[in-house]
Amino acid sequence: MRDGSISAPDLSVIVCTYNRSSPLLAALESLAAQVTGARFSYEIVIVDNGSTDNTTEVIGTVARGSAQSIVTAIEPVRGIVAARNRGLAVARGRWIAFFDDDQVASPEWLAQLLGAAESRGVLCVGGSVRLCFPNGGNLDDAPTCRMLLSESVSQPARFYDRRFAPSTGNMLVHTNVFARIGHFRALAAERGEDTDLYHRMRAMGIDAWYEPSAVIYHVIRRERLRPAYFLDLAENIGRGLARLEIGHYGRWRFLFVWWLRFGQTFFVRLPRSWWLKWTGSETQIWDGASRARIGTSFLREGLTQILCGNRVEPNGVAIDRGAREMARKRMVPPT
């Protein structure tokens, strides 16, 4: 898919898709209309993960009307990890931006990400996610559900930390990072490959900056507004958090954290969830149940890790503070 006769762009946007031709059209149109101010060039890399709908026709429609280079790659191995890694293999830019096929980018999204990376001197920048409900419905009284959908508009500009991680729905990464830590890794039976990537970055001393002015809109289809969908997200969040905490604290310190979570779950979250079933709105009931599910999922996964005697390193790398600082100093600055 590469053409050596064409100079490489400064930036590549990777969009992975599977049978979502309807939202994909709006997503690609928003990417093709990015305002660059002639400061940088970019290409759009679309990874089709085996779609059987009219995805090919949608891509062709956008490509014919776009001034930007649009590259399509086919990834036969199903799954977001394989698709993203295929995108990385095809992308030609020094910077890689990740974007989901059910999102719409604000006109200066890429410019804001790249500007923050250059001004802050960092190799990774994430932006804010705002929720959009085109078919009706809202989650105004369900903050946990909004968090599960990756909303981040309430956060100020800041460095990401252990608890606040960027999402591949809105993230810019320099290719030097992948050269140092590798590509995305498949996690057994659960999501969180983007969080795993970020914590491997942290372990190597690579800072990441959150830039709220880099805005994307997550388009929430009405069929997602159901309790089972949020409970599934909450289950994965709880499991991932338990693995993150035991990797950070170690087995015995984590045991203390586990008991604190036990008290919080059984004496705060579960009673609140039961109370909302009688007194709350429909979305408040979903919110309370999701928050309780995060707690119970954390406890189950944490207990498994404690009893098995495991010390999970969610970032995949054991590194002490001194080594982290040395790694930070060795990082190649953005060019």
Side-chain angles (χ1 to χ4, degrees), residues 10-14 40 81 84-85 87-89 91 93-98 110 112-129 150 152 155-187 191-214 237 240-251 253-254 257 305 310-335:
D10 299 308
L11 192 153
S12 299
V13 185
I14 295 177
F40 63 93
V81 170
R84 286 193 181 127
N85 286 339
L88 288 172
R94 297 193 316 274
W95 291 93
I96 308 294
F98 295 96
L110 286 177
Q112 294 291 355
L113 287 176
L114 188 58
E118 292 172 344
S119 64
R120 292 284 171 177
V122 295
L123 300 178
C124 177
V125 178
S128 64
V129 178
S150 302
S152 60
Q155 295 282 351
R158 52 175 285 197
F159 282 104
Y160 287 100
D161 56 28
R162 186 172 59 85
R163 290 182 174 274
F164 179 42
S167 165
T168 42
N170 188 350
M171 183 167 72
L172 179 73
V173 184
H174 197 278
T175 52
N176 284 344
V177 171
F178 298 106
R180 293 294 300 273
I181 70 173
H183 290 181
F184 292 96
R185 304 188 305 187
L187 303 180
R191 302 165 185 160
E193 72 288 334
D194 48 359
T195 303
D196 169 75
L197 182 82
Y198 167 65
H199 285 287
R200 282 187 281 143
M201 289 168 48
R202 276 180 54 83
M204 295 301 292
I206 304 172
D207 288 325
W209 178 259
Y210 170 68
E211 180 51 57
S213 64
I237 287 287
L241 182 60
R243 288 171 176 259
L244 173 63
E245 296 288 274
I246 198 169
H248 176 74
Y249 291 112
R251 184 185 178 195
R253 289 173 64 198
F254 175 76
V257 174
Q305 297 296 331
N310 295 334
R311 184 173 187 268
V312 178
E313 296 288 353
N315 50 40
V317 181
I319 186 168
D320 62 25
R321 185 175 299 174
R324 175 187 168 94
E325 184 60 29
M326 291 176 63
R328 188 193 308 273
K329 293 177 180 179
R330 288 197 302 268
M331 282 304 300
V332 180
T335 59

| remark: So CG of N85 and CD of E193: to nearest 0.5 Å the spacing works out to 9.5 Å

| field | Minimal non-hydrogen separation, P212 against Q155, with atom names | value | CB-O, 4.1 Å

| request: Take the angle between the ring planes of F184 and F178 and call it parallel below 30°, perpendicular above 60°, tilted in between. | output: tilted

| query | Taking side chain as C-beta onward, heavy atoms only, is F159 less than 4.5 Å from D161? | reply | no

| query | Does T175 reach the main-chain N or O of R94 with its side chain, forming a donor-acceptor pair under 3.5 Å? | reply | yes

| query | Which distance, rounded to the nearest 0.5 Å, do you find between the CD1 of I181 and the CZ of R200? | reply | 5.0 Å

| said: Do C124 and Y160 have side chains that approach each other closer than 4.5 Å (heavy atoms only, starting at C-beta)? | reply: no

| Heavy-atom closest contact (S150 atom, S167 atom, distance) | OG-OG, 4.4 Å

| Are any of the side-chain heavy atoms of L172 and L11 separated by less than 4.5 Å? | yes

| message | For a 4.5 angstrom cut-off between non-hydrogen side-chain atoms, does L197 reach M171? | response | yes

| Closest non-hydrogen atom pair, F254 against A242 | CE1-O, 3.9 Å

| request: Measure the spacing between CE of M204 and CG of L123 and express it to the nearest 0.5 Å. | output: 12.0 Å

| R185 versus V81: any side-chain heavy-atom pair under 4.5 Å? | no

| request: Could you walk me through whether R253 and E245 pass salt bridge (charged side-chain N to carboxylate O under 4.0 Å, His left out), step by step? | output: CA-CA 10 Å; R253 289 173 64 198; E245 296 288 274; over 6 Å; no

| said: Contact between N170 and L113 at the side-chain level, heavy atoms closer than 4.5 Å - yes or no? | reply: yes

| remark: Scanning both residues in full, the closest heavy-atom pair of W95 with V122 reads CH2-O, 3.5 Å

| query | Under a 4.5 Å cut-off applied to non-hydrogen side-chain atoms, are L114 and L110 in contact? | reply | no

| Does the pair Y210 and S128 meet the rule for a side-chain contact (heavy atoms from CB on, under 4.5 Å), with working shown? | CA-CA 8 Å; Y210 170 68; S128 64; 3.1 Å; yes

| query | How far does CZ of R180 sit from CE of M201, to the nearest 0.5 angstrom? | reply | 12.0 Å

| query | Would you say F164 and R158 make side-chain contact, with heavy atoms under 4.5 Å? | reply | yes

| message | Looking at every heavy atom in both I14 and A91, which two are closest together, and how far apart are they? | response | CD1-CB, 4.4 Å

| message | Measuring from atom CG of L241 to atom CZ of R163, what distance do you get when rounded to the nearest 0.5 angstrom? | response | 6.0 Å

| Would R120 and E211 satisfy salt bridge (charged side-chain N to carboxylate O under 4.0 Å, His left out), going step by step from the backbone distance to the final call? | CA-CA 10 Å; R120 292 284 171 177; E211 180 51 57; 5.9 Å; no

